[in-house]
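Let me begin by presenting the structure, written as C-alpha cells, before commenting on it.
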Amino acid sequence: MQNEVQALRQELAELRALVKQQSATQEEVKSLRQEVKTTSRAQSEAANADTVAHIAGYAAVGLTDRSQNGSSAFNSASFNPIFHVLYKDIALAEAELEISAAPDGTTETKLEYASIDLFLNDNTTLVAGKFLSPLGYFRQNLHPAWINKFPSIAPGFGEGQAAPSSEVGLGVRGGYPFGEGKKLKYALFVGNGPELEVEDGEIHGVESDGYTRDVDRRKVVGGRIGFIPMPRLELGVSAAGGGIGLSGEPDRSYRVLGTDVGYQWKQLDLRAEYISQRVGDLAASAAPQGGTWKAWYGQASYKLLPTKWEGVVRYGKYISPRTDQRQEQWALGVNYLWGPNVMAKLGYEFNQGLAGEDTDANRWLLQFAYGF
C-alpha cells in the first residue's frame, strides 16, 4: 500500500510537470491519467476490504542439563505460527500450529487450536471448533514460551497431567465491566471431553488433546468465571463435569475443579493456581480404579528496571494416583529481555519425586523465546 501511494504521488508530479512545460503529448497525458485512476481504485478497494488476514506466533529453543546423571541436550526447537482472518466485526477464524523437532530428528506437527469466533455483541463471543481449555488460567493464557516466565511448565500443568489442555465443541466467552476498574469475565463450553490413557489395567493419565470423537457418548460441560475487583487483580474459579470412559464401556463420572489468582504491582507479578481432575471408579472396566490428579503452583517474578533483567521463583506440586508421576519442585530463574517479546531464560529446578525417575532429578534449563 505504501508503494502504491508513493507511485501515485510520483505520477501526479510527472503529470503536473508535463502540463506545466506544455511539452507532453495528448497520449502521454491520457496514459498518466489512466495509471493514476487505476492506482486510486486499487488503493480504495484495499482500504475498504472486508477481510483482513494477520499472522502472529512464537518460536523457542531449549537446553536441558540434568546435573545428577550428567545428561545434557538441546532438547526442544519449536515454531508456532498463529493465523487470524477477520471478517468485518462479525467473525474471526484463528488457528495455531506447533511445528517441533522430535528426539529422532523427524518433524512433528500438531494443531493446537482451530476455531471460528462469532462476535454476537460487545460482551459475547461464540466459539466453535478446537480451542484451548478455559479451565484454569495457565493453559489458555500463559503457556506460550515468550509469555511463560520460566523455561519449563509447573509440575502437573503439562499435557496429560492435572490441567486440561484443549477441547472440541462450542463455547461462549466475554466480559462485563461494572464500576471503575471492575470487570466480570466468563468462558463457558460444552465439548467431547478428554480420554483415558490406560496401560496394564491402570489409568496412567487423563488426555485432553481435543478429540473429534466422543467414546463415552456423554459431553463435558464447564467453564471459568473471572472477577477483577480492582485493576491488576484477578480471581478465577473453574469447574466442569460430565462423562469419561473407554470405547465399548459405560461412561464414568468426570469432574474438574480449579481456582487461580493473579496480581501485578509495579514490576512485581504474583500468580497462584490450583487444578484437579477426578475420574470415578467403574468395576466393569478394563481399568476399574479411578483417581484424582491435582496440582498447584505459586510464582513471583520481578523486573529489575532500568536494566533488562528479571528474576523468577516458583513452587509447584503434582499429586497423581501413580507414585512415579508425583513431583514437588522449587525453581529459581533469571531472564534477560532484549524486548518484551524477545528473551533468554536460565533456570534451575530442585525436584523431588520417586527415586530413579526423571521427576526426582534436579536440572538446569536454558531457553530462548521470541513472540511475534
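Just so it is clear, the structure is predicted and the values come from calculations on it, not from any experiment.
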- Message: Please evaluate residues I82 and H84 with respect to the criterion side chain to side chain contact (heavy atoms under 4.5 Å, CB included), reporting the C-alpha separation (whole Å), side-chain torsions for both, the decisive distance (0.1 Å), and the verdict.
- Response: CA-CA 7 Å; I82 301 174; H84 302 101; 3.5 Å; yes
List for me each residue that meets ring pair (Phe, Tyr, Trp, His ring centres under 6.0 Å) alongside [X], sequence neighbours excluded, and say none if there are none.
X	value
F372	F79, Y370
Y211	none
F350	Y348
W265	none

- Item | For D324, all residues meeting salt bridge (Lys or Arg N to Asp or Glu O under 4.0 Å), sequence neighbours excluded |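 Salt bridge (Lys or Arg N to Asp or Glu O under 4.0 Å) list for D324, sorted by chain: R322.
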Rounded to the nearest 0.5 Å, how far apart are [atom1] of [X] and [atom2] of [Y]?
X	Y	atom1	atom2	result
S166	Y113	OG	OH	12.0 Å
D216	S253	CG	OG	11.0 Å
S276	R255	OG	CZ	6.5 Å
K294	R278	NZ	CZ	10.5 Å
N362	Q352	CG	CD	9.5 Å

Can you confirm whether [X] is buried at [atom1], in the sense that more than 12 heavy atoms of other residues, nucleotides or ligands lie under 6.0 Å from that atom?
X	atom1	value
K219	NZ	yes
D122	CG	no
E197	CD	yes

Listed pairs under 3.5 Å, donor-acceptor, residues 331-343 side chains, sequence neighbours left out:
residue : atom : partner : partner atom : Å
N335    : ND2  : K149    : O            : 3.0
N335    : ND2  : E310    : OE1          : 3.1
N341    : ND2  : G371    : O            : 2.6

- Message: Measuring only between side-chain heavy atoms, which start at C-beta, is R173 closer than 4.5 Å to Q140?
- Response: yes
- Task: Taking the side chain as every heavy atom from C-beta outward, state whether H143 and L132 have any atom pair closer than 4.5 Å.
- Result: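 Yes, side chains in contact.
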Donor-acceptor contacts, no H, no angles, side chain residues 88-102, under 3.5 Å, sequence neighbours left out:
residue : atom : partner : partner atom : Å
E96     : OE2  : Y58     : OH           : 3.2
E96     : OE2  : N80     : ND2          : 2.9

- Message: Under the salt bridge (Lys or Arg N to Asp or Glu O under 4.0 Å) definition, can you give me all pairs with a residue in residues 227-246, not counting sequence neighbours?
- Response: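 Only K185-E234, R224-E234 qualify under salt bridge (Lys or Arg N to Asp or Glu O under 4.0 Å).
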- Restricting to pairs with a member in residues 325-345, which pass salt bridge (Lys or Arg N to Asp or Glu O under 4.0 Å), not counting sequence neighbours? none
With a 3.5 Å cut-off and sequence neighbours excluded, list the donor-acceptor pairs that the side chains of residues 239-250 form with protein atoms.
residue : atom : partner : partner atom : Å
E249    : OE1  : S285    : OG           : 2.7
E249    : OE2  : S285    : OG           : 3.3
E249    : OE2  : A286    : N            : 2.8

- Message: salt bridge (Lys or Arg N to Asp or Glu O under 4.0 Å) for R363 and D65? Distances and angles first, verdict last.
- Response: CA-CA 5 Å; R363 60 180 188 170; D65 183 284; over 6 Å; no
- Message: Would S238 and L257 count as a side chain to side chain contact (heavy atoms under 4.5 Å, CB included) here? Give the steps.
- Response: CA-CA 6 Å; S238 302; L257 294 173; over 6 Å; no
With a 3.5 Å cut-off and sequence neighbours excluded, list the donor-acceptor pairs that the side chains of residues 150-159 form with protein atoms.
residue : atom : partner : partner atom : Å
S152    : OG   : R314    : NH2          : 3.0
S152    : OG   : E349    : OE2          : 2.5
E159    : OE1  : K110    : NZ           : 2.9
E159    : OE2  : K110    : NZ           : 3.0

- Non-hydrogen atoms of P288 and R252 that approach each other most closely: O-NH1, 3.9 Å
- Message: Whether the side chain of Q329 engages the backbone of K317 through a donor-acceptor N/O pair (distance < 3.5 Å, no angle test) should be reported.
- Response: no
- Query: Should side-chain heavy atoms under 4.5 Å link Ile, Leu, Val, Met, Phe, Trp and Tyr, which residues sit in the same cluster as F178?
  - Reply: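 Cluster partners of F178: I116, L118, L120, L126, V172, Y176, L184, Y186, L188, I225, F227.
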